[in-house]
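Below is one structure, written out as structure tokens; the observations come after it.
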There are 2 protein chains.
Amino acid sequence: MVDQPEQSRYHHGDLRTALLEAAERSIRDSGVSQLSLRDLAREVGVSHAAPRRHFPERQDLLDALAERGYARLGESIREAVSDHDSEFPERMRRAASAFGHFATGNPALLELMNATKHRPGASSVPQSSAAAFAPILDLICEGQENKALRKGSPEEIGLIIYATINGITTLVNAGAISAERLDDLTITAVNQFLRGAAP
Amino acid sequence: MVDQPEQSRYHHGDLRTALLEAAERSIRDSGVSQLSLRDLAREVGVSHAAPRRHFPERQDLLDALAERGYARLGESIREAVSDHDSEFPERMRRAASAFGHFATGNPALLELMNATKHRPGASSVPQSSAAAFAPILDLICEGQENKALRKGSPEEIGLIIYATINGITTLVNAGAISAERLDDLTITAVNQFLRGAAP
DNA sequence: GCACTATGTAGCCTTTGACAACATTGTTGT
DNA sequence: ACAACAATGTTGTCAAAGGCTACATAGTGC
């Protein structure tokens with residue numbers, strides 16, 4: 001399969017990826033509800049039934065989008081936390097901020113990530129979700145070792161801060177809070193969280 | 001318009017309400033994405049175009065559902081907070097718990113309430129949202145007067161606890177946390193919030 | 001009882017997701 | 001090399017949905 005200067009090949013080459021990227025653009029512009037498999041097919045230049053080979057049902061594509069979303073979110077958080085020279089509270093704020101900016105920068109994607117899990121046929125979305133959450137868990141454990149956090153289930157502690165930031169971004173994305181207040185609220189929330197979760 | 005023992009009248013009488021109630025059942029059973037105006041019309045026993053008189057577009061019905069949701073949520077929170085004999089922290093826990101149970105008891109509705117606001121043509125959803133939020137705001141103010149909470153914008157403080165509970169319910173509804181853990185997490189979150197927001 | 005408005009009906013159109021039958025390309029074992 | 005075979009795309013079809021228009025019926029107010 002060498003590259004063909006122009007004209008269409010019968011086989012696209014990497015249709016799955018092309019569809020996912022087109023879908024991300026689409027939901028970013030017009031939301032999940034407006035996403036149409038046929039539109040994507042047109043945009044990518046394949047027939048209307050081609051996507052079916054990669055995503056038998058519409059929801060399968062949405063799941064794949066959510067999974068990619070979690071992968072990127074996890075990477076973003078991991079990067080934010082990676083500076084091991086900083087103090088624990090600062091790293092916590094960075095992690096929260098990374099989450100917040102990802103969430104408000106990709107509203108439709110976040111909505112998908114928050115909604116798609118509980119379906120019957122277990123996709124691999126929950127796994128991706130847990131993987132994205134892992135760096136926060138690690139950070140919590142480190143905070144406990146440093147005596148910056150009280151003892152107790154790291155998972156429970158992490159869940160609360162995760163939920164808080166998630167909730168704030170939900171309100172921002174819904175328009176209940178202006179986007180400019182995100183940073184301020186995030187910092188306040190984290191600081192308050194740290195005070196409340198101190199030993 | 002007297003009641004007609006049986007058979008269909010040309011005019012339904014209260015189609016709008018009937019549609020909304022059918023819609024609530026529908027999303028409870030099968031989620032927002034499966035909601036079909038034509039299904040509702042069939043269920044209620046009117047023609048497929050009748051709903052259009054009350055909800056020109058599908059989204060208008062969703063907005064109305066969200067609005068009713070906020071009305072009920074607000075009522076639920078107001079009731080939870082109404083016991084003025086209890087201590088402030090206890091009332092806070094009750095408010096949070098009321099929110100949590102409403103949210104996990106009506107997952108699809110909550111999703112709608114969290115998503116529907118930011119649309120261009122300003123519906124009255126944001127107003128309803130603010131009204132539901134009001135009792136929490138009042139409670140915060142009272143907590144500040146009682147020196148149970150530090151000074152500072154009540155709205156900002158309230159937003160954080162609201163976001164936290166909202167976030168927890170999102171995780172529960174998404175299946176990331178089991179429903180049994182809701183109460184426990186809510187209590188922990190509120191207690192930690194109170195410690196962190198203490199003067 | 002007569003206009004006017006509100007509410008419901010019937011029919012049409014376009015788009016969509018899902019499905020099946022068929023076409024083309026890539027791969028693998030011999 | 002080449003013959004199965006699997007993977008990937010295409011064309012055609014269908015039922016269901018939302019949205020629209022024209023029309024029918026029922027309340028309401030003058």
Side-chain angles (χ1 to χ4, degrees), chain A residues 1-23 26-27 29-65 108 112 115-116 119-121 123, chain B residues 1-23 25-27 29-65 108 112 116 119-121 123:
Chain A
M1 177 202 55
V2 201
D3 42 8
Q4 202 141 334
E6 44 200 282
Q7 281 308 15
S8 60
R9 298 162 293 195
Y10 192 96
H11 283 115
H12 177 282
D14 196 3
L15 181 54
R16 186 188 153 91
T17 304
L19 287 171
L20 286 171
E21 285 170 357
S26 175
I27 65 172
D29 292 345
S30 23
V32 179
S33 66
Q34 294 301 310
L35 183 73
S36 150
L37 294 179
R38 286 169 111 104
D39 263 349
L40 298 182
R42 272 188 287 272
E43 188 177 334
V44 171
V46 295
S47 78
H48 66 91
R52 190 175 163 69
R53 293 292 174 199
H54 304 275
F55 309 103
E57 299 189 8
R58 181 190 146 97
Q59 185 62 47
D60 295 326
L61 186 148
L62 298 186
D63 284 355
L65 280 178
L112 215 51
T116 315
R119 303 182 322 117
S123 72
Chain B
M1 177 201 55
V2 201
D3 43 8
Q4 204 141 334
E6 43 202 282
Q7 282 307 14
S8 61
R9 298 161 293 196
Y10 192 96
H11 282 113
H12 177 281
D14 197 3
L15 181 54
R16 186 187 152 91
T17 305
L19 287 171
L20 286 171
E21 285 170 358
R25 279 196 300 276
S26 174
I27 65 171
D29 292 346
S30 23
V32 179
S33 66
Q34 294 299 311
L35 184 72
S36 148
L37 293 181
R38 285 168 112 106
D39 264 348
L40 298 181
R42 272 189 287 272
E43 189 177 333
V44 171
V46 294
S47 77
H48 67 91
R52 190 176 163 70
R53 293 292 175 200
H54 304 276
F55 309 104
E57 299 188 6
R58 181 190 145 98
Q59 184 62 46
D60 295 325
L61 186 148
L62 299 186
D63 285 355
L65 280 178
L112 215 50
T116 315
R119 303 182 322 119
S123 73

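Predicted model, so just to flag it, every value in this text is computed and none were measured. Residue numbering restarts at 1 for every chain, and letters A, B, ... go by the order of the sequence lines. Only heavy atoms go into these numbers, but all of them, side chains included; no hydrogens, no water, no symmetry mates.
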Scan the side chains in residues 35-43 of chain B for donor-acceptor partners under 3.5 Å anywhere in the protein, sequence neighbours excluded, and list what turns up.
residue, atom, partner, partner atom, Å
B/Ser36, OG, B/Arg38, N, 3.2
B/Ser36, OG, B/Asp39, N, 3.0
B/Arg38, NH2, B/His48, ND1, 3.4
B/Asp39, OD1, B/Arg42, NH2, 2.9
B/Glu43, OE2, B/Arg25, NH2, 3.1

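Between the P atom of D/dT8 and the CG atom of A/Leu19 lies a distance of 12 Å, rounded to the nearest Å. Here the P atom of nucleotide D/dG19 and the CG atom of B/Leu62 are 10 Å apart, to the nearest Å. A straight line from CD of B/Gln34 to P of C/dG17 spans 13 Å, rounded to a whole angstrom. Residue B/Asp14 contributes atom CG, which lies 18 Å from atom P of D/dA26 at whole-angstrom precision. A/Arg53 has its CZ atom 15 Å from the C1' atom of C/dG26, to the nearest Å. Across the protein-nucleic acid pair, A/Arg9 atom CZ and D/dT10 atom P stand 12 Å apart, rounded to whole Å. Nucleotide C/dA18 holds its P atom 7 Å from the CG atom of A/Leu37, rounded to whole Å. We find that CG of A/Leu40 is positioned 10 Å from P of C/dT16, with the value rounded to whole Å.
Using a 4.5 Å cut-off on side-chain heavy atoms (C-beta onward), B/Leu20 and B/Phe55 make contact.
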Close N or O pairs between protein and nucleotides 11-15 of chain C (under 3.5 Å):
residue, atom, partner, partner atom, Å
C/dG11, N7, B/His48, NE2, 3.2

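Applying the side chain to side chain donor-acceptor pair (under 3.5 Å) rule to A/Thr17 yields the partners A/Asp14; only residues at least two apart in sequence or on another chain are considered. Under the side-chain contact (heavy atoms from CB on, under 4.5 Å) criterion, A/Ser33 pairs with no residue, sequence neighbours left out.
In this structure, CG in A/Asp60 is found 5.5 Å from CD in A/Glu57, a value given to the nearest 0.5 Å. Note: A/His54 NE2 to A/Leu15 CG = 4.0 Å, rounded to the nearest 0.5 Å.
Contact check, A/Arg52 against C/dC19: a side-chain N or O comes under 4.0 Å of OP1 or OP2.
Note on A/Leu61: nothing from the nucleic acid sits closer than 4.0 angstrom, heavy atoms only.
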